[in-house]
Structure formats: C-alpha cells, structure tokens
Amino acid sequence: MFQYWRNELVRALPLRPGDTVVDVGCGSGLCLAGLRAKVGPTGRVVGVEEAPAMVELARAEVERKGWREVTLSTEPAERFSLPAPADAALFCAVHDVLMSRAALDNVFAQLRPGAWVVAGGGKWPPVWNVPLTALVAALHAPYVRDLAAFDRPWQVLEEYVDDLVVTEVAFGSGYRAVGRARAGTEEGPV
C-alpha cells in the first residue's frame, strides 16, 4: 500500500555505484531492492532491524535473490556498527528510531560527514482534517510506540542534519526530509 512512498524516499537519496547505504529499521526489506539497484554490485546495502520476524522476511528475500551486497544486522539502531563509514542513511517509517537520540547518535556515528540522509513516514495532517487524522491514527498506532511529536517527526533529526529540507506529502499526512549529516555528528548533535 505504501510502496510508492518507499520508492520516492529511495529515489531522493543521491546514491552512486559503489556507495554504502544503511536502511535503518529496514523491516521486511521493502526498500532493499531499490537501494541495491542504486549502489550496484560494487556497493553495499546494510539493513538494520531488531525485530526477528521482520529480519527473517528480509533475509529470505535477500537469499532468494542472491544479493551478496546486502547484509542484515539484527542489532537495534542504538548498537549496530559498521566496519567503515557509510555514504548515506535511509529512515523509512521509523518514527520511534527518529525520536531516540541514542539511536541517532549511533547511526550518525556510522556515517561519514556529509553523508546523505533521507527520512520519511507518516505525520499528523492539519488539525482541521479530522477524517484524515483518524485514518492516520488507525494506520500508524499499531506500529508506533509513542505518537508524541507526530506533528513534526523530523524534529530530533534536525539536530544531526544540515540544511534539512522537509516536504509534506499526501495532504499533509506524510513527509519526506532530505539533508546531509553534519560534520562532527559522530559524537552527537552539534
């Protein structure tokens, strides 16, 4: 149902062949194919997902397709590590991760300065749109621990990213945020 928006987020990442990209909270791996296509066979895609059932779905797809350049980490975003800094990070529909400074501290410690960052997902629409607000609540409540800050889900991310450009989509019920990791974010926000 939301694959169009996932694809839009992947398209927004200016990846090149040979790049390394981290899909933070990759879930069942619905963005992996698009990311893999952008980095090519010389690149690397790292999916980070702590939910075992989701990782198994993603792993089955990776193995079925024979994607050697895709690896999956079962560590939480707060603890995973990479052998070398990544060129980009994708945060697709991971509100809880975006609200966690511990998770963002660790993710940004894994990125090179100036790495591209794209985030997107649901958000509260304008307050006057009560029917859409009810739909957004029904769609997201089962997957989000805390809907606090759902009006501006990118607000903590702003501390880590320079020139964050946020575009509201879907009548204000979603967003896409694009920017570059700040120099020095490997120790936390500046």
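For clarity, every value in this text was computed on a predicted model and none was experimentally measured.
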Problem set entry | Pairwise distance CH2(Trp67) to CG(Leu72) - rounded to 0.5 angstrom | 10.0 Å
For this session: State, yes or no, whether a side-chain contact exists between Asp151 and Val127 at a heavy-atom distance under 4.5 Å.
Result: no
Exercise. Any chain of hydrophobic side-chain contacts (each under 4.5 Å) joining Val21 to Val70?
Worked result: yes
Exercise. So, do Arg36 and Lys65 sit near enough that their side-chain heavy atoms are less than 4.5 Å apart?
Worked result: no
Exercise. Do any N or O atoms from the side chain of Glu49 and from the backbone of Gly27 form a donor-acceptor pair under 3.5 angstrom?
Worked result: yes
Exercise. What are the two closest heavy atoms between Ala86 and Ala115, and how far apart are they?
Worked result: O-CB, 3.9 Å
Seminar exercise, completed: Rounding to 0.5 Å, atoms CG (Leu164) and CD (Glu159) come to a distance of 11.5 Å
Seminar exercise, completed: The reported gap from CG in Leu30 to CG in Asn7 (rounded to nearest 0.5 angstrom) is 9.5 Å
Exercise. Rounded to the nearest 0.5 Å, what separation is found between the CG atom of Leu135 and the OG atom of Ser173?
Worked result: 7.5 Å
Exercise. Is Phe108 linked to Val46 within one hydrophobic cluster, defined over Ile, Leu, Val, Met, Phe, Trp and Tyr using a side-chain heavy-atom separation of less than 4.5 Å?
Worked result: yes
Problem set entry | Flag side-chain contact, heavy atom, 4.5 Å: Val107 against Phe80 | yes
Exercise. Once the angle between the rings of Trp154 and Tyr175 is folded into 0 to 90°, is it parallel (under 30°), tilted (30 to 60°) or perpendicular (over 60°)?
Worked result: tilted
For this session: Please report the shortest heavy-atom distance between Asn106 and Ala77, naming the atom on each side.
Result: ND2-O, 2.9 Å
Exercise. Could you give the distance from NE2 (His140) to NZ (Lys123), rounded to the nearest 0.5 Å?
Worked result: 10.5 Å
Exercise. Are Leu15 and Val22 grouped together when hydrophobic residues (ILVMFWY) are joined by side-chain heavy atoms under 4.5 angstrom apart?
Worked result: no
For this session: Over all heavy atoms of both residues, which pair between Gly114 and Arg180 is shortest? Give the atoms and the distance, please.
Result: O-NE, 2.7 Å
Exercise. Hey, are the side chains of Lys38 and Val10 touching, using non-hydrogen atoms and a 4.5 Å cut-off?
Worked result: yes
Problem set entry | Enclosure of Arg11 CZ (heavy-atom neighbours >12, cutoff 6.0 Å) | yes
For this session: Give the minimum heavy-atom separation between Glu69 and Gly40, together with the two atoms involved.
Result: CG-O, 4.0 Å
For this session: Just do the side-chain contact (heavy atoms from CB on, under 4.5 Å) check on Thr167 and Val178 with the steps written out, would you?
Result: CA-CA 9 Å; Thr167 306; Val178 180; over 6 Å; no
Exercise. Side chains of Arg59 and Thr74: closer than 4.5 Å at any heavy-atom pair?
Worked result: yes
For this session: Report yes if some heavy atom in the side chain of Met99 is under 4.5 Å from a heavy atom in the side chain of Phe150; otherwise report no.
Result: no
Exercise. For the hydrophobic clusters of this structure (ILVMFWY residues joined by side-chain heavy atoms under 4.5 Å, transitively), does one cluster hold both Leu57 and Val48?
Worked result: no
Problem set entry | Close side-chain approach of Cys31 to Leu9, heavy-atom, < 4.5 Å | no
Seminar exercise, completed: Between the CG atom in Leu98 and the CD atom in Glu158, the distance rounded to the nearest 0.5 Å is 11.5 Å
Problem set entry | 4.5 Å side-chain heavy-atom contact, Trp116 and Leu111 | no
For this session: Quickly, which of Arg44, Arg112, Arg16 forms a side chain to side chain donor-acceptor pair (under 3.5 Å) with Asp87? Name it, please.
Result: Arg112
Problem set entry | Nearest heavy-atom neighbours spanning Glu78 and Ala103 | CG-N, 3.6 Å
Exercise. Backbone N or O of Arg145 within a donor-acceptor pair of the His95 side chain at under 3.5 Å?
Worked result: no
For this session: Is it possible for you to say whether Val118 and Val169 belong to one hydrophobic cluster, with membership spreading through side-chain heavy-atom contacts below 4.5 Å?
Result: no
Problem set entry | Least distance between heavy atoms, Pro17 atom then Thr42 atom | C-OG1, 3.9 Å
